[in-house]
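Each remark here refers to the structure printed beneath this line.
Predicted, not measured: the structure shown is a model, and the values here were computed from it.
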Amino acid sequence: MRSIGKLVIIGVGLIGGSFALAMKRAGLVGQVVGVGRSLDNLNRAIELGVIDAASQDPAQAVAGADLVMVATPVGQMGRVFDAIAPVLPAHAIVTDAGSTKGDVAQLMRAHLPEHLAYCVPAHPIAGSDRSGAAAAQYGLFEQRRVVLTPLEATLPEAAEAVGQWWQASGARVFSMRADEHDAVFASVSHLPHLLAFAYVEMVANKTDAARCFDFAATGFKDFTRIAGSHPEMWRDISLANRDALLADLRAYQAGLAQLTQWVEAGDGAALEQMFQHAREARVQWAQRFAQGV
């Protein structure tokens, strides 16, 4: 398997930091350089052994890089790509860890037009409500899925290399078109996060919010865990995947309207039928998830 002489992680947090740790454990990287805005976070990353050196200048950091992973919020990627474009080594592979892919592909085309053969958009599906270098962990990607959405111009060997590195981290690698990826994840990732944020906001704005939170227990905890996620990142995801997300938001609103009618009408049979159908779908998914299907 191809090794990485110099890996540059731009955005040293849960995903970027955990990828660096995975490459170190696999013995596939010579040096890891972390780039970020916070010196405290970068110093912490060095202390934890996540990175070997730090820089606040992306252009300076990518000199001599073999692989550059941009693990910042999507809204920052255009500036990052623009900064590194003039100084990228000719054969350095550029990948990302964003939760949306159509917009990342557009940003790469706009800011890295001479480097598209070595651009490999990617989405590791391994989220958490923790952030920063301290959130990085070994084994985060074990049996997790990573979706690659290569550009039309991406060289097959570049995509293959990125796929192999993710496999070395323990992940299972899949490929999709960017638009297909964004439609799927609007339904199973982006919408759930918006719903969790909106629900917690609703409770927090109630006149008896403190009393409600006092009595919140396991169900509330399970449903709202992802509302602890990074606001800046989810702002960017919501806007980046707007069209697919709006379609699912409208479908969910229609479902809520139907649910409201059943509750108003006291239609227990309709409620139970819907609950049963949803439960069966959830159980089937959980079984497949547990089996790694």
Tell me, with the steps shown, if Phe19 and Trp165 meet ring pair (Phe, Tyr, Trp, His ring centres under 6.0 Å).
CA-CA 9 Å; Phe19 180 79; Trp165 290 324; 7.6 Å; no
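- Contact check for Arg282 versus Gln287: no side-chain heavy atoms found under the 4.5 Å cut-off.
- Between the CG atom of Leu7 and the OG atom of Ser3 there is a distance of 11.5 Å, given to the nearest 0.5 Å.
- Here the CD1 atom belonging to Ile10 is positioned 7.5 Å from the OG1 atom belonging to Thr72, to the nearest 0.5 angstrom.
- Rounded to the nearest 0.5 Å, atoms CG (Asp182) and OG1 (Thr149) are 8.0 Å apart.
- Counted within 6.0 Å of CD on Glu114, heavy atoms from surrounding residues, nucleotides or ligands total 12 or fewer; the atom is thus considered open.
- With a 4.5 Å cut-off on side-chain heavy atoms, Gln137 and Leu14 count as touching.
- Distance check, rounded to the nearest 0.5 Å: CZ of Arg145 to CH2 of Trp166 gives 15.5 Å.
- In this structure the side chain of Pro73 never reaches within 4.5 angstrom of the side chain of Trp234, judged on heavy atoms.
- In this structure, Lys24 pairs ionically with Asp52, as a charged nitrogen and a carboxylate oxygen lie closer than 4.0 Å.
- Between Val146 and Arg172 there is no side-chain heavy-atom pair separated by less than 4.5 Å.
- When hydrophobic clusters are built by joining Ile, Leu, Val, Met, Phe, Trp and Tyr residues whose side-chain heavy atoms come closer than 4.5 Å, directly or via intermediates, Val29 is grouped together with Phe141.
- In this structure, the side chains of Val33 and Gln31 come closer than 4.5 Å at one or more pairs of heavy atoms.
- Among residue pairs with one or both ends in residues 88-114, those qualifying as ring-ring contact (aromatic ring centres under 6.0 Å, His included) are His91-Tyr118; sequence neighbours excluded.
- Nearest heavy atoms, Ala54 versus Ile46: CB-CD1, 3.9 Å.
- Side chain of Asn241 to main chain of Thr100: no donor-acceptor pair is present (N/O by atom type, distance under 3.5 Å, no hydrogens or angles).
- Remark: Arg109 engages Glu152 in a salt bridge, criterion side-chain N to carboxylate O under 4.0 Å.
- In the hydrophobic clustering of this structure, Leu21 groups with Val162; members are Ile, Leu, Val, Met, Phe, Trp, Tyr whose side-chain heavy atoms approach within less than 4.5 Å, directly or through other members.
- Each of Asn41, Leu42, Val12 was evaluated against Val50; a single residue qualifies, Val12, per the side-chain contact (heavy atoms from CB on, under 4.5 Å) test.
- Distance CD1/Ile237 to OG/Ser189: 6.5 Å, rounded to 0.5 Å.
- Of the possible polar contacts, none joining the Asp208 side chain to the Arg211 backbone as a donor-acceptor pair under 3.5 Å is found.
- In this pair, Phe185 and His190 present their aromatic rings tilted. The plane angle is within the 30 to 60° band.
- Taking a cutoff of 4.0 Å between a charged side-chain nitrogen and a carboxylate oxygen, Asp96 and Lys101 qualify as a salt bridge.
- For Phe220 and Phe213, the distance between ring centers is under 6.0 angstrom.
- To the nearest 0.5 Å, the span separating CD on Gln106 from CG on Leu151 amounts to 11.0 Å.
- Side-chain N/O atoms of Glu280 and Gln284 include no donor and acceptor closer than 3.5 Å.
- Within a 6.0 Å sphere centred on CD of Glu272, other residues, nucleotides and ligands contribute 12 heavy atoms or fewer.
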